[in-house]
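Have a look at the structure below before the remarks.
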There are 2 protein chains.
Amino acid sequence: MTKILQRNLYREVADRIGDLIEHGELAPGERISEKQLCDRFGVSRTPLREALKVLATEGLIELLPNRGARVVRLTLKNVKDTYDLMAALEGLSGELACQYISDAEIAAIRQLHDTMLEHYRNRDLMPYFQVNRQIHESILAASNNDVLQEMYSNLSQRIKRVRYSKKMTERYWSQAVKDHENMMAALERRDSQSLGQILRDHLCNKIEVATLAGVIDTEDDKSVANS
Amino acid sequence: MTKILQRNLYREVADRIGDLIEHGELAPGERISEKQLCDRFGVSRTPLREALKVLATEGLIELLPNRGARVVRLTLKNVKDTYDLMAALEGLSGELACQYISDAEIAAIRQLHDTMLEHYRNRDLMPYFQVNRQIHESILAASNNDVLQEMYSNLSQRIKRVRYSKKMTERYWSQAVKDHENMMAALERRDSQSLGQILRDHLCNKIEVATLAGVIDTEDDKSVANS
DNA sequence: CATATGAATATTGAATTCATAATTACTTTT
DNA sequence: AAAAGTAATTATGAATTCAATATTCATATG
């Protein structure tokens, strides 16, 4: 039985704005006009402003008192900080997963793992990423820690827009696959410590940071140029 | 020169409600009446409702569509999950701190550490906790990771109200002090790995969980009894 | 010509009003 | 008297209105 989720208007609006940010329709640093968005979504300012407050709390936009809202501009440091944090959370998810995961769930992840290897052999980047993601999500789910999952998903949300542009050099890619081999092994023997360590050190995240320099929000966009 | 921080009304209200929750004036599970709080704070429903949305995002209350808001009821699992997460974050803070901390900052923490030992020898529980807290906060600050600090403070906020009631058995207390000795040593030789591991395993959190069973939100309060 | 001052405009902050859903109280029926 | 149904009340969701604060633009001044 899936629970009926009655969506509030403000939550709907917040998600929509989140999408706009993710897809770059609202540029980093760009001033967000309430009126404009009200017209666009066909809602009044009340739910829209509630949505802005929520998005600010979630770290996607920032509110300047009496001067409206703007999309958070991601700095290299900011993204790096977020990745460090996510790596730590993944480590924890691995440790916990080892304690709670069932044989069936491990088997399912093994399946995903093998599929991923197949994609790697064929150098199918996008399918590889997709399955890769599923593996990490499965481990996260197996951690049986709701707070962890909530926090991870929030962090993930924040950097989604820079995560799209991933480039993989062969060297990093093969290392990532090796990491995954070790992960799979640690998981199958339910070695909490090992899996935690591997996931914390897993290069995926740190690799990207190296390639991120090129996609980080710069000053040369629609943003207003104030201190 | 310290900049004037112009606080929004909604943020002010959110903090005030947060205090009410922390100090138990708003009981767990208790229905939050908008009108009542509006009268209490002397504000209209608009900023109050914005505050509620934010508090819900921060995990302090939950919103039931068309049925108002209520204070989140902390379950044992919920608190345990949060502690696990905080332990992981502390571990990360330790790892990072080792990379960035200055000699002066280490010296300052050493000072706090020695003060804490003094309180321990005198069995002054409250001063001990206070300094203990300062030590952890100092390491967190030295981590130089804003996102981490933001997340940690959010989690801390959520469980503040059950954290107040701490009991320390002699056995756990002495173990905690030993942990701190090891922490201090690892920090002084800037041993990232060790400090991270020690902080992740640091018993403080887990100890409390054992004693928590007694202070977790129960059903027998002002709450409405619905599923 | 650049900068400063002030009025006009636009935008945000907050209160009020209107609409809708939920809760309560009351009546009716069995 | 208990249950069910209906009306009245109350609370929430959203739009509108009013007030305060920025921003813009024109004008004046050095």
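The sequence lines fix the lettering, A, B, ..., with proteins before strands; numbering per chain opens at 1.
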With sugar-phosphate meaning primed atoms plus P, OP1 and OP2, does B:Ile32 contact a base, only sugar-phosphate, or nothing at under 4.0 Å between heavy atoms? sugar-phosphate

In whole angstroms, the gap separating C1' of D:dA20 from CG of B:Leu9 amounts to 13 Å

Please enumerate all residues that pass side-chain contact (heavy atoms from CB on, under 4.5 Å) together with B:Ser153, with sequence neighbours excluded. none

side-chain N/O B:Arg67 vs C:dA21 OP1/OP2, d < 4.0 Å: no

All salt bridge (charged side-chain N to carboxylate O under 4.0 Å, His left out) counterparts of B:Arg158, not counting sequence neighbours: A:Glu150

Kindly give the atom pairs (protein nitrogen or oxygen, nucleotide nitrogen or oxygen) under 3.5 Å for nucleotides 5-9 of chain D.
none

Starting at atom CZ of A:Arg11, determine the distance to atom P of D:dA14, rounded to an integer number of angstrom. 13 Å

Residue pairs passing the salt bridge (Lys or Arg N to Asp or Glu O under 4.0 Å) test where at least one lies in residues 126-144 of chain A, sequence neighbours excluded: A:Arg133-A:Glu137

Taking only residues two or more places apart in sequence or in another chain, which ones pass salt bridge (charged side-chain N to carboxylate O under 4.0 Å, His left out) with B:Arg110? B:Asp114, B:Glu188

Take the protein atom CD1 of B:Ile61 and the nucleotide atom C1' of D:dT12, then report the distance between them rounded to whole Å. 14 Å

Whether A:His180 and A:His113 hold their rings parallel, tilted or perpendicular, with breakpoints at 30° and 60°: parallel

Listed in order of residue number, which residues of residues 33-55 of chain A have a non-hydrogen atom at under 4.0 Å from DNA chain C? A:Glu34, A:Arg45, A:Arg49

Test side-chain hydrogen bond (donor to acceptor under 3.5 Å, both in side chains) applied to B:Asp84 - qualifying residues, sequence neighbours left out: B:Lys80

Using the salt bridge (charged side-chain N to carboxylate O under 4.0 Å, His left out) criterion, which residues pair with A:Glu50? Sequence neighbours excluded. B:Arg49, B:Lys53

Whole-Å distance separating the CG atom of A:Asn8 from the C1' atom of C:dA21: 13 Å

Can you tell me if B:Asn66 touches the phosphate of D:dA11, counting only side-chain N or O atoms and a distance under 4.0 Å to OP1 or OP2? no

Which residues pass the side-chain hydrogen bond (donor to acceptor under 3.5 Å, both in side chains) test with B:Glu12, not counting sequence neighbours? B:Arg7

